[in-house]
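What follows is a single structure, written as structure tokens, with notes after it.
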There are 2 protein chains.
Amino acid sequence: MRNDNWWCGRFRGCGYKVTVPREAILEVLSLTDKHLSAEDIYLAVHKKYPAIGLTTVYRTLDILVSIGLIYKFDFGDGRARFELAEDSKGKKHHHHLICTKCGRIIDYTDFIDDEFELLQLVEKGLSKKYNFKISGHLIQFCGLCDKCR
Amino acid sequence: MRNDNWWCGRFRGCGYKVTVPREAILEVLSLTDKHLSAEDIYLAVHKKYPAIGLTTVYRTLDILVSIGLIYKFDFGDGRARFELAEDSKGKKHHHHLICTKCGRIIDYTDFIDDEFELLQLVEKGLSKKYNFKISGHLIQFCGLCDKCR
DNA sequence: TTGTTAATGAAAACTATTTTCATTAACAGA
DNA sequence: TCTGTTAATGAAAATAGTTTTCATTAACAA
Ligand SMILES: [Mn+2]
Ligand SMILES: [Mn+2]
Ligand SMILES: [Zn+2]
Ligand SMILES: [Zn+2]
């Protein structure tokens with residue numbers, strides 16, 4: 001049992017082994033506030049561990065999404081982007097503001113309480129009406145940022 | 001001036017010619033309530049006009065998105081999906097409920113007024129705080145549909 | 001320490017989408 | 001209606017993100 005990072009428990013609990021690539025990938029994600037693509041992560045990880053392959057990055061990201069440690073987003077630039085889920089560290093639940101010109105992403109938490117209140121109401125209503133088990137939501141605004149408008 | 005469909009005006013007004021492929025693609029989109037992929041549209045159009053190519057479908061969809069006649073969505077299945085914008089015909093503004101297991105998409109308009117009210121508030125606040133010119137929003141819920149839960 | 005088996009990396013495959021380029025058709029003006 | 005200009009088109013090739021294959025390696029339970 002090499003390491004006792006906070007994620008090892010969740011990882012082993014789901015039947016996955018704790019490996020060097022997996023730890024390296026999670027470290028990269030936990031040290032940034034950006035929304036990284038698989039290749040971004042590969043390049044960052046590559047600096048410290050040049051032997052880790054892009055395939056492993058993709059595979060690990062799939063697992064991390066499936067066990068809820070990270071979120072996967074599509075911001076319309078043709079590649080998936082990832083960010084650590086909020087429950088673990090100091091991360092707060094937030095939504096996104098996307099510049100359609102330069103691709104800049106802003107995390108915002110303003111009005112999140114008002115949004116949460118409405119989300120509760122809507123989720124409840126929808127799950128009853130459509131007999132849906134709702135597990136998540138996506139809210140984002142798009143437009144032009146201060147530099148692009 | 002061959003045709004006088006409602007979209008011809010908008011089309012010519014933006015400097016685009018009205019062509020057989022463009023009309024065929026818009027017809028397919030206006031006759032369905034589904035969320036079609038480029039290939040879906042290509043196949044549908046192909047039945048009536050076998051000469052129309054997939055490339056033209058992609059090109060036309062790009063234009064239609066850029067002039068606001070259709071919306072482009074990513075529902076996580078690896079291909080873009082399209083649907084007619086609401087302002088033109090009997091279409092109402094709506095949001096989406098997505099089954100993560102079978103991929104089913106449900107258009108819902110329930111609570112849309114409450115959502116709209118909040119969106120107004122949030123858009124106003126965000127555009128002031130971040131000096132963003134907001135042009136659109138995306139709201140969707142994901143979970144398991146009645147058949148998959 | 002060892003055996004089992006999941007995890008890995010390189011290369012190839014896959015797939016949605018875009019680009020290239022020669023040909024065709026829309027339509028403004030005559 | 002006819003014609004010239006030029007945007008639009010379709011086939012094929014290229015691109016790029018992601019997934020699959022398969023032989024090798026490493027995690028970890030015993
Ligand atoms: Mn974020
Ligand atoms: Mn819809
Ligand atoms: Zn911008
Ligand atoms: Zn379903």
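Side-chain atoms are counted along with the backbone in the values below, which use heavy atoms only and exclude waters and symmetry mates. So that the names make sense, note that chain A is the first sequence line, chain B the second, and so on, each numbered from 1.
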Starting from [atom2] on [N], measure out to [atom1] on [X] and report it in whole angstrom.
{"X": "A:D77", "N": "D:dA16", "atom1": "CG", "atom2": "C1'", "value": "12 Å"}
{"X": "A:L54", "N": "D:dA16", "atom1": "CG", "atom2": "P", "value": "14 Å"}
{"X": "B:R12", "N": "D:dA8", "atom1": "CZ", "atom2": "C1'", "value": "14 Å"}
{"X": "B:Y42", "N": "C:dT17", "atom1": "OH", "atom2": "P", "value": "15 Å"}
{"X": "B:I63", "N": "C:dT18", "atom1": "CD1", "atom2": "C1'", "value": "14 Å"}
{"X": "A:I41", "N": "D:dT18", "atom1": "CD1", "atom2": "C1'", "value": "14 Å"}
{"X": "A:F73", "N": "D:dG17", "atom1": "CZ", "atom2": "P", "value": "20 Å"}

Does [X] put a side-chain nitrogen or oxygen below 4.0 Å from OP1 or OP2 of [N]?
{"X": "B:Y58", "N": "C:dT18", "answer": "no"}
{"X": "B:R59", "N": "D:dA7", "answer": "no"}
{"X": "B:R22", "N": "D:dA8", "answer": "yes"}
{"X": "A:T19", "N": "D:dA26", "answer": "no"}

Please determine, for the side chain of [X], which listed nucleotide ([options]) has the closest atom?
{"X": "A:V18", "options": "D:dG10, C:dA16, D:dC28", "answer": "D:dC28"}
{"X": "A:D62", "options": "C:dT18, D:dT19, D:dA16", "answer": "D:dT19"}
{"X": "B:Y16", "options": "C:dT8, D:dT18, D:dA8", "answer": "D:dA8"}
{"X": "B:T55", "options": "D:dA12, C:dA26, C:dA7", "answer": "D:dA12"}
{"X": "A:K17", "options": "D:dC22, C:dT5, C:dT17", "answer": "C:dT5"}

Legend entry - Positive for ring pair (Phe, Tyr, Trp, His ring centres under 6.0 Å) with A:H96, one of A:Y71, A:F141, A:F75: A:F75
Inset, instruction - Using heavy atoms to find the nearest nucleotide of DNA chain C for A:V57 and B:S37 separately, return the residue whose nucleotide is more 5′. - result: A:V57
Inset, instruction - Please confirm whether any donor atom in the side chain of A:T56 sits under 3.5 Å from an acceptor in the base of C:dA7, or the reverse. - result: no
Legend entry - Residue that, paired with B:E83, satisfies salt bridge (Lys or Arg N to Asp or Glu O under 4.0 Å) out of B:K72, B:K34, B:K91: B:K91
Legend entry - Side-chain touch B:R12/B:V18, heavy atoms, less than 4.5 angstrom: yes
Inset, instruction - Measure up the B:Y108 and B:H95 rings against each other and bin them: parallel (under 30°), tilted (30 to 60°), perpendicular (over 60°). - result: perpendicular
Inset, instruction - Please confirm whether the backbone N or O of A:K92 pairs with a side-chain atom of A:H94, one donor and one acceptor, at under 3.5 Å? - result: yes
